[in-house]
Chemist: 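Take a look at this one; I'll ask things after.
The basis for the numbers below is simple: all heavy atoms, side chains too, and nothing from hydrogens, waters or symmetry mates. In what follows, chains carry the letters A, B, and so on, assigned in the order in which the sequence lines appear, proteins first and then strands, with residues in each chain numbered from 1.
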Amino acid sequence: MAKEFSVIGKSIIREDAFEKVSGKAKFADDYKYDGMLFAKMIRINSTHAKINSIDFSDIENEKDILIVTSKDVQGKNVVGLIKHDQPIFCDEKIVTPGDVVAMLVGDDEEKLNALIKKVKVDFTPLPTLTDATKALDKDAILIHPELKSNLIIHHPLRKGDVEKGFAESDEILEQTYTTQLIEHAYIEPECVIAIPKEDGIKIIGSIQNPFTARRIVSLATNLPLEKIEVIQAQLGGSFGGKDDIMCILSSRAAVASLISKRPVKIKYTREESILESYKRHPYILNYKVGYTKDGKIKAMKIDILADAGAYCSMSPFVTWRTVVQATGPYEIENVHTDVRAVYTNNPYTGAMRGFGSPQPIFAQESIMDEIAVRVGLTPDEIRRINGFKNGSITATGQKLQNHDVNLITVLNKAVSLTNFTNKWKEYNKEKPILNNYEFEKPILEKNKFIEPKKLLQKGIGLAVSFRGCSLGAEGLDETYCYMSIEKNGKVNMISGLAENGQGLRTTLVITAAETLGITPEKINYLETNTTLIKDSGPTVASRGTIMGTGSVQNAGEILKERLEKIVREKFQLDENDFVSFRENLVFSRRKGLLTNFDFVCQLAFEQKENLSAIGYYKSPKVDWNEHNGQGDAYFTYVYGCQIAEVTVNIGTGEVYLNKITAVHDPGTVINRLGALGQVFGGVTQGAGYGLFEEITQEDGMIRELNFDQYLIPTAKDVDEIKPFFVEGNDIYGGYGAKSLGEPTLELTAAAIANAIKNATGKRFFNLPINLEEIILGKKIRPQNLNRGSL
Amino acid sequence: MINLNCKVETPKSLNEVITLLSHANSKTKILAGGTDLVVGKIQGSKRFIDTETLIDINKIDELHKIEFIDGKIFIGAASTFSEIEENEIISKHLPILKKAVSTIGSLQIRNRATIAGNFVNNAPCADSVPALLVYDAELELMSANGTRNISLQKFLEAPYKTQLQRNEIVTKIIISTPNKNLKGDFYKLGRRRAVAISRITLALLCEIENNFIKDIKIASGAVTPIGKRFYELENFAKEKKIEKELLINLSQKIGEEILNITGLRWSSAYKLPVVQQMFYQLLNNIMINKNENKI
């Protein structure tokens, strides 16, 4: 069905573009207040320790310095988004190096930096647990002894009978994959200001989910929700990362501000940000797959362990998405999956773009390629045999319906755009064996020197995925939009979802413009403020577009209906005539151009018509049985296929990304420019995950505390990204728009890994596939954390 | 806003700098691009933390001059990498240096960072150093006591240590133009393709006649404690016939020499085989495939 829109689907420049490129945009640190104080954190150099005492005697005589500890927290000191296990101030023990023991507040940042060194914390180091595979051992030390176990969550999924499926298989392949801890690397480090009000508090910050921050600040301060006003400053990136940490920082600032009765700002350095903020879960994934000679998957047994680090954070939800999607987009009769998340002393892990999908996709797409080779199929053929089609049943027993199940469509499109099959066969021919260097014999033998013409090897690889849109069975899924029209035809609107730099405001403005038949510049999107609009759930899970456009379309339609009534009366239209609003003009089918939008609004004002409305959108019902992992997990899905074309330098292990073709079905594309931006950003971020991003530790202590060591891709690291959208039809979301933000990121590392195999003949099981992984088949690390340059 | 808590002197002439330096103590540093110093001070580096006085030489034009006089190239010590990259004299006579400086950091860093700052800081991975070494770069140092010249290789002492005295400033880099038909290249390996700290750098300059190596100069960075020339290896290679066996042999020997200097370190498992492999590729490209500036 061809979709005809006047604004939707065009490339619209973001409404915040000019202020951002001209430096006018106000980020949290740009907010300054008279009498504003600063807060600095006190931490100890340990991974796991009991705090015996904190000695402030050297600073007690300092003027105008406020010491803040857990005793100053009026409400709950131990909070969390799902489980309450994370202290705002750790004055009894710390369980990971980022933990904050206490805080100093004063008006001179530099003085505070000097004073925090004078606070003496007496502590007893405790044994550490940094290996997630040992977390469930009987004799494992407990990170939170009061919880009696390090197990945070176990999601089982049982479909059919895997043993029967393995018995019916011709071959069984079992492999283990690992993925690494990574940092969101938002360009703006954490910053928040708490401002005391006569009766309550105002928080302005780089906050992803203002409503969540309000809830946690309320817990910490004992103030009721309505006395806490959270305003979102412009965000310098989030990627899922400005949630828990910003709730905690907002709480600390609020506590200090309520005591001092002055505005208090907390602003992190990059080092503090990487040290304390949560990251993406490292996974260990075991896949056992039974298949027939002709490539049909009969059974899949999956065992996944996620390292949640020191706190629960979003781990139960992250791993829930994993259990739903772990088989990949393949129809398999017999599935047996266990996903567990455990506590360790490592940095805690939570939401990050992808949210439990990049890890299993790397494993599942690697093993599908392996199976293809074993049964003599190409990677695209095996996916056509097993991939979801309309009406397919997922591992959770859900029938895919009410939307175009476009998996094979996106696969075929990507394959034809890249000439995949021919290239894959061509590159797959005999490969020079990658060197196996021996550490004891560092001088190369003659036969190990690579002939120059064989140095650079080309490869191509693909990966596909399906992804449940929005929250699914995680929780209540509804959104609100407030919209009003002025008598001059100008529209004010606000949604309960947040702009995190992804361009959501522009997407929602376009949706409103389409519904009202006006141009986007007539619409003013208001500042997100928790006291002005109802909580619409967090802006996560690629739900901004699908849920946000739903409520905007609803609000717009309510108002348009009222305007239409006025038009019909004014122009005395026959009831069978059809009224349309387009590009600020109003037409009737029979009479043609009637008037313009502004005139109708003026009339409405004079007639005292109510031109304000609340749009509402609620997700359809989903259901989940947590005992067997069966149910309709998400109400709709999106599909994607990415193909990576690479050149591997087999002398150095460098992987040059020549081209990534990204074919996605995001439903209806609302803002083409925004959608392209999502693909460029997501692919690049996914490439970093595949090739070099990694937070490593020595007994819990992070090595990569700044961007000199923690490397994210630059513009030079991906030569070409080719996006292509297949716009499937869907009955949900505003105008059938679904999700794109996370699908763009989750596939890239898997596609690159498959391309590297195609180029080198060697399969890599452990992300990131960095220089050493390719050349040595393992990671190597410096023995200590000292830096030569310091 | 960055506050370095330092007194900043802004002399307008080289003479003023020399005068200021004659009163310098261990807490005085010269500030050029600041890309090592400012970052190091903020990070609490031992080398910079005690610094109290900065002598800012950014306003002194003569330290930015690049000149070609009587077969010699004079590069002002405070020339930025961008100035060097864009300079025609450098492009024409010192292409390996041009290539080396173009790989440094990002454009923003190259716009500030200076050539002398690179080797005065003397990090093992300083990218301009191997290129300057194969060109036999000499330095001019000035102080109230006068001027002295020293070769770059001698000037570099140990990681982050040089022969520069407290009251001295590097004013020029002097390179005699090789008046011969030389071939060469600069190779850099980083973990990504821009804004990367070098894992390995190699610079090579050679004169080939009738398929024999007449002269050769080899230098590396990031694989030894400081950037270094391989004089023994150069002597070994001279007058030898170019053939595959020789190139393999030279590559093994560079590996042996690096191993002798560093011993087996954590990074050796990767760096040692790869430096041999890529040195072999570099030799091949220049001597057999004749692909200059391509690797």
Chemist: Side chain from CB out, backbone as N, CA, C, O: work out which of these in A:Asp29 comes under 4.5 Å of a heavy atom of chain B, or both, or neither.
Modeler: neither
Chemist: Can you tell me how far the CZ atom of B:Phe230 sits from the CG atom of B:Asn235, to the nearest 0.5 Å?
Modeler: 13.5 Å
Chemist: Tell me, out of B:Asn249, B:Leu264, B:Leu272, who's got the most heavy-atom pairs with chain A below 4.5 Å.
Modeler: B:Leu264
Chemist: Between B:Thr162 and B:Glu157, does any side-chain donor sit less than 3.5 Å from a side-chain acceptor?
Modeler: no
Chemist: What's the spacing between A:Ile774 CD1 and A:Thr652 OG1 if we round to 0.5 Å?
Modeler: 8.0 Å
Chemist: Would you check if there is a donor-acceptor pair between the side chains of A:Ser206 and A:Glu188 at a distance under 3.5 Å?
Modeler: yes
Chemist: Heavy-atom distances under 4.5 Å only: say whether A:Leu771 touches chain B with side chain, backbone, both or neither.
Modeler: both
Chemist: Answer with side chain, backbone, both or neither: which region of A:Tyr656 has an atom nearer than 4.5 Å to a non-hydrogen atom of chain B?
Modeler: both
Chemist: Please test A:Val683 against A:Leu745 for side chain to side chain contact (heavy atoms under 4.5 Å, CB included), starting from the C-alpha separation and ending with a verdict.
Modeler: CA-CA 5 Å; A:Val683 163; A:Leu745 167 132; over 6 Å; no
Chemist: When you compare the side chains of A:Glu693 and A:Gln180, does any donor N or O come within less than 3.5 Å of an acceptor on the partner?
Modeler: no
Chemist: Looking just at side-chain N and O atoms, do B:Thr80 and B:Asn111 make a donor-acceptor pair shorter than 3.5 Å?
Modeler: no
Chemist: For B:Arg47 and B:Asn121: C-alpha separation, side-chain torsions, deciding distance, then whether side chain to side chain contact (heavy atoms under 4.5 Å, CB included) applies.
Modeler: CA-CA 10 Å; B:Arg47 296 185 292 139; B:Asn121 186 55; 2.8 Å; yes
Chemist: Testing the 3.5 Å rule here: is there a donor-acceptor pair between the side chains of A:Thr696 and A:Glu704?
Modeler: yes
Chemist: Counting only non-hydrogen atoms closer than 4.5 Å, does B:Ile248 touch chain A with its backbone (N, CA, C, O), its side chain (CB onward), both, or neither?
Modeler: both
Chemist: With a 4.5 angstrom heavy-atom cut-off, which part of B:Arg265 approaches chain A: side chain, backbone, both or neither?
Modeler: backbone
Chemist: Is it the backbone or the side chain of A:Glu654 that comes under 4.5 Å from a heavy atom of chain B, or both, or neither?
Modeler: side chain
Chemist: Quick one about B:Asp127 and B:Ser198 (side-chain donor to acceptor, distance below 3.5 Å, no hydrogens or angles considered), yes or no?
Modeler: yes
Chemist: Quick one: of A:Leu711, A:Thr269, A:Val655, who has the most non-hydrogen atom pairs under 4.5 Å with chain B?
Modeler: A:Leu711
Chemist: Contact part of B:Ala123 toward chain A, heavy-atom cut-off under 4.5 Å: side chain, backbone, both or neither?
Modeler: neither
Chemist: Which word best sums up how the rings of A:Tyr33 and A:Tyr31 line up, parallel for under 30°, tilted for 30 to 60°, or perpendicular for over 60°?
Modeler: parallel
Chemist: Against chain B, label A:Phe449 side chain, backbone, both or neither, depending on which of its atoms sit under 4.5 Å from a heavy atom there.
Modeler: both
Chemist: Can you say whether B:Asn5 sits under 4.5 Å from chain A via the side chain, the backbone, both, or neither, judging by heavy atoms?
Modeler: side chain
Chemist: Considering only heavy atoms and a distance below 4.5 Å, find which of B:Pro124, B:Cys125, B:Ala194, B:Gly255 pairs most often with chain A.
Modeler: B:Ala194
Chemist: Below 4.5 Å from any heavy atom of chain B, which atoms of A:Ile775 appear? Answer side chain, backbone, both or neither.
Modeler: side chain
Chemist: What part of B:Lys244 gets within 4.5 angstrom of chain A, counting heavy atoms only: side chain, backbone, both, or neither?
Modeler: side chain
Chemist: Which bit of A:Glu271 comes within less than 4.5 Å of chain B, counting heavy atoms only: side chain, backbone, both or neither?
Modeler: side chain
Chemist: Non-hydrogen atoms of chain B under 4.5 Å away: do they reach the side chain of A:Lys441, the backbone, both or neither?
Modeler: neither
Chemist: With a 4.5 angstrom heavy-atom cut-off, is it the side chain or the backbone of A:Glu440 that approaches chain B, or both, or neither?
Modeler: neither
Chemist: Checking heavy atoms, do the side chain of B:Pro159, its backbone, both or neither come under 4.5 Å from chain A?
Modeler: neither
